[in-house]
Structures are given as structure tokens and as C-alpha cells.
Amino acid sequence: MPGVTRLSVRNIRKSFGDHEVLKGISLDAEDGDVISLLGASGSGKSTFLRCINLLETASDGEIFVDGEQIRMVKKNGQNRPESQKQVDHIRSELGMVFQSFNLWSHMTILQNVIEGPVHVLKRPKAECIAEAEALLEKVGIADKRHAYPAHLSGGQQQRAAIARALAMKPKVMLFDEPTSALDPELVGEVLRVMRALAEDGMTMLVVTHEMSFARNVSNRVVFMRQGVVDSSGAPDDMFGSGASPAFRQFIGHFGGEQ
Amino acid sequence: MATLELLGFGQNGWGALLLVATLMTLAVTATALLIGAVLGTVVATAKLSGNMLLVGLGNVYTTVFRGVPELLIIYLIYFGGSSAVTAVGQWLGYEGFLGLPSFAAGALAVGIISGSYQAEVYRGAYLAIAKGELEAASAIGMNRMLRLRRVVMPQVLRYAIPGLGNVWQLTLKDSALISVTGLAELMRTSQVAAGSTRQYFLFYIVGGVLYLLLTSFSDRLFNRAERRANRSMPAAAMGQA
Ligand SMILES: Nc1ncnc2c1ncn2[C@@H]1O[C@H](COP(=O)(O)OP(=O)(O)OP(=O)(O)O)[C@@H](O)[C@H]1O
Ligand SMILES: [Mg+2]
């Protein structure tokens, strides 16, 4: 359903103590958008992503997921979610993929993938298993379904983590540097899965240092700098003549990787 | 009298009594371990709460009950408790000594001590859980209870097994001190048998062997549990017992 806004973030601010990390960031993702979020280390990309699913609580601003606003209240001058129940519900609609995979180490891959659907969404187990096996097939690790995370390579673990997030049938997928912890030869297999996901029409917000992904897979590039959006636009414009001086300098560091 | 007859199950044999005493030791130790598990969980939760008062109270608990001799705690609870009960009895008009049941008092005293060790085991086990796994649980929409049940508890148990094995051994040995309350557990029964037959060597050695049987048997159980729990660990950790 193109034209449906899956995620809308308005004027998000976040401070740690008196260090303001996000200084008013807004972003809209329509159905099927694949947005690459670029920026130097410390520019606030992770913090921004974590504010969206409330792993961090923004100090100010509004967040809408599929049209539903996350209700916030001020308490002793602190911004807090009004209802933890709503937070849990919103989180179940947002798939998060972490740099360090974070699979549950005491569960097999299959158990990891069905955990959310069975225990959070309370869906029938047999159905979830069938879907999980299809997902594992799709990300190419069906043969590992009874293995534990510790016995998989990083690339396999990350693909399992993507399957785990997808099993929730999320409205939006959030990726925080999904390939940064991987050995170079394992990056490709994860990017391929992400690319297939994009082609399937999944709405994705991807923090990445993979310029080829930003350029060739995403339909929008957002460049963050010192807690604000420095510039954003279609990849062709951003990587072409339309680049801001700061972005031009930033991608200069990645010259060899395209 | 022949050794075999002394240890046998006949009229003059101590076999039946020793067997019952061994089971009693097992029962009082298991009860103490359970009491300690409850106390240990509460104290570990307090120490992890981040609340200054609770952390302080938790620290006092673990410091005191690991630092004071076990025997003193048992005296305190059994005799102290009994004299308190006697005082209450006198106040209610009952003359004479009222003793606490020795099984309950002993299990409570050893359980309190066991709890101070278990608290540290559980706290360490909780801290061993990867923070990212907790975050992934929240991120998928688990509420606190569900996260506790599905991600925290299974991992705390997994990381706690080796430590709990040690606490069990410790508790088993501590249970011998309960003999001072007159409970007919293994230590007390060996003592009585040794004293009344004047076969000190024989009965203390048999008692020791029975303790060893208990510890090595339970050691094996814990090792098996540990191996099961380690199936999900990286290959490098699998060989370690
Ligand atoms: N929990 C926290 N407490 C205090 N400061 C924090 C916290 N999390 C992040 N920061 C600070 O906020 C700033 C932005 O951090 P963030 O992790 O969002 O950057 P990033 O763009 O994701 O960087 P990287 O590319 O290195 O992952 C940094 O200066 C960081 O030190
Ligand atoms: Mg980051």
C-alpha cells in the first residue's frame, strides 16, 4: 500500500544529562520505503533508532507507528510513555535488528524465531513453527534451525535475527549497523537478505556504513550530523551533484568501498 | 560383636538407624536448600534493585551470614528461638521448657546460611546474562514478567548450576551441625552409635563414607544438569565440567 505512512517521527530530541544528542529530528517512512541513515560515529544514529522503539525515551517529540501515536506524559519534567502496554504493543510492530545480533543464547534458532509470535502475540504454536521454517528457508539457514546461536557464524546469526524480527510481521524494520560486527566475507550474505526484503516491499530504516547498500538498495538517504538531519534525498541526488559539503566530506572516507 | 552385625539390620545392628539418618540428612539439606533458594532470590533481587536501602540490606545479609560461624546461627535460632517460645508460653501461663522442632529450626538456620551463598550465585548468574539479549526481549514487545519468565529465569538457572552444586555440598556439610539440636541425622546417629558401642572408629568412618556417598551422588546429578544446560554454550565451553 504505497502512500500509507508507516512511521512518522516529528522533532525528536534526546539528551543524556546535559549532552543533547538529538536536536530535533523528523522523518517519515511510507510503505515500502527503504531509508539509509548515515552519519559519523557519535552523530546519534543509534540513539535515534532506539528512541523510535523506546529503548531510549526521547526528551521531546512525537512518534507515530502506522498512524498510532505513542502517548507520552511529562512527569517531574521527564518525558515518559503514558502506557507501558502501548509501548509493548508498538514494539511488537517494529522489528529491530542489532549490530551484535542479540539472539537468545539458551534457545535454538527455531525457538528464537517462534518466541515472539507464540509468547508476545499468543498465536498457535504449530502455525508459528510453519511460518518460522519458511522464514529460515528464506534467509538461507533452514538447516540450522535446531542449532544454538553460539554454534553459528556471525552472518548466520544475523540472518536468524532478521528472521526473528520478521516473524512478528512488523510494520517497519529497524536495522542498527547490521553488518558492522561481521567479518568482511560474511557481510554479503546479510546484505543479500536485506536487499530481498526491500524488494518484497518491507518498510526499512537502516543505519549503515555500507555505501553500496545506501546507494543501490535504499530509495532515500538521510545524513545525520551532530544530532540534526544535515541533508536527505534520493541516493542519486545525494551521491551526485546534490550532496551537501558535509556529506561529500563524509563519503570521502568511504571512497574505496563503493 | 562382629562388625557386620553392628552395621546390619538385625536386632543389634545400626543399619536401619543409619539408613534413616542418611535420609534425614538428605531431607533436612534439601529443605534448607529450598529455604535458601527463596531467601537467596529475594536477597539477590534486592542487591540488584539499585535501590540504596535494599542494596544495603542485601549486603548486610550476605556479609553477616557468610561471616558468622554456622554453629552460632544454629544455636541462635534453636536455643534462642526455643527460649523465646518458652517465654511466650510462660506469659500464656504454661510452665516449663518449650523447644522448637529441631528439624524446622535446623533447616531454617542452615537455610538462612545457604541463602546468603545462593544470593551471590544468583546475582552473578543474572549479571552474566548478555544485556543485548534483555534488550532484544524488550524490543520484540515482551513485558517485564514475560521477559523474566522466558529470558531471565532460564539463563539465571543455567549460569547458576555450577555455583548451586557448590552450595549444595556446603549445605550438606553444614547440616551435620544440626546434630546439636538432637535431630537424628547422620552426624548425630553416628555419634550415638559410636558412643553406645564404643566403636568410635567404625561408626565415624561409616558416617564419613555415607556423607561421601551423598556428595558424590549429588555431584554427579549436578554435573549432568550442567552438561544439559551447556548444550547451548559455545563449543569451547562444552568440555568444561
Ligand atoms: N546511554 C547513554 N548515556 C550517555 N551518553 C550516551 C548514551 N548513549 C549514547 N550516548 C552518547 O550519544 C552520542 C550519540 O551516540 P550514538 O550511539 O547514538 O551514535 P551513533 O551515531 O550510533 O554512533 P556509532 O556510529 O558509533 O554507532 C554519543 O556521544 C554517545 O556517547
Ligand atoms: Mg550506533
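Throughout, protein chains are lettered first and strands after them, A, B, ... in sequence-line order, and every chain is numbered starting at 1. Remember, it's a predicted structure, so these values are computed and weren't measured experimentally.
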Starting at CE of A:Met96, measure out to CD of B:Glu135 and round the result to the nearest 0.5 Å. 7.0 Å
Under 6.0 Å from the CZ atom of B:Arg66, do we count more than 12 heavy atoms belonging to anything else shown? yes
Max heavy-atom pairs within cutoff under 4.5 Å with chain B, candidates A:Leu174, A:Asp88, A:Ile90, A:Leu121, goes to A:Asp88
Interface residues of residues 101-114 of chain A facing chain B - non-hydrogen atoms under 4.5 Å apart: A:Asn102, A:Leu103, A:Trp104, A:Ser105, A:His106, A:Met107
Compare all side-chain heavy atoms of A:Leu55 with those of B:Ser138 and state whether any distance is below 4.5 angstrom. yes
Does A:His119 reach the side chain of B:Met142, with side-chain heavy atoms less than 4.5 Å apart? no
Within 6.0 Å of OH in B:Tyr211, more than 12 heavy atoms from elsewhere: yes
Does any part of the side chain of A:Gln84, heavy atoms only, come nearer than 4.5 Å to the side chain of B:Arg144, both counted from C-beta? no
A:Glu115 versus chain B, the contacting section by heavy-atom distance below 4.5 Å: side chain
A:Lys85 side chain near B:Asn143 side chain, heavy-atom distance below 4.5 Å: no
Any non-hydrogen side-chain atom of B:Ile140 less than 4.5 Å from a side-chain atom of A:Met168? yes
Count the heavy atoms belonging to other residues, nucleotides or ligands that lie under 6.0 Å from CD of A:Glu185, then report whether that count exceeds 12. yes
For A:Glu137, does the CD atom sit with more than 12 other heavy atoms under 6.0 Å from it, leaving out its own atoms? no
B:Ala139 versus chain A, heavy atoms under 4.5 Å apart: side chain, backbone, both or neither? both
Using a 4.5 angstrom heavy-atom cutoff, name the option from B:Arg150, B:Lys131, B:Gln155, B:Arg158 with the most pairs to chain A. B:Arg150
For A:Arg164, is it the side chain, the backbone, both or neither that has a heavy atom under 4.5 Å from a heavy atom of chain B? both
Residue A:Phe16 excluded, over 12 heavy atoms near CZ under 6.0 Å: yes
What part of B:Ala137 gets closer than 4.5 Å to chain A, counting heavy atoms only: side chain, backbone, both or neither? both
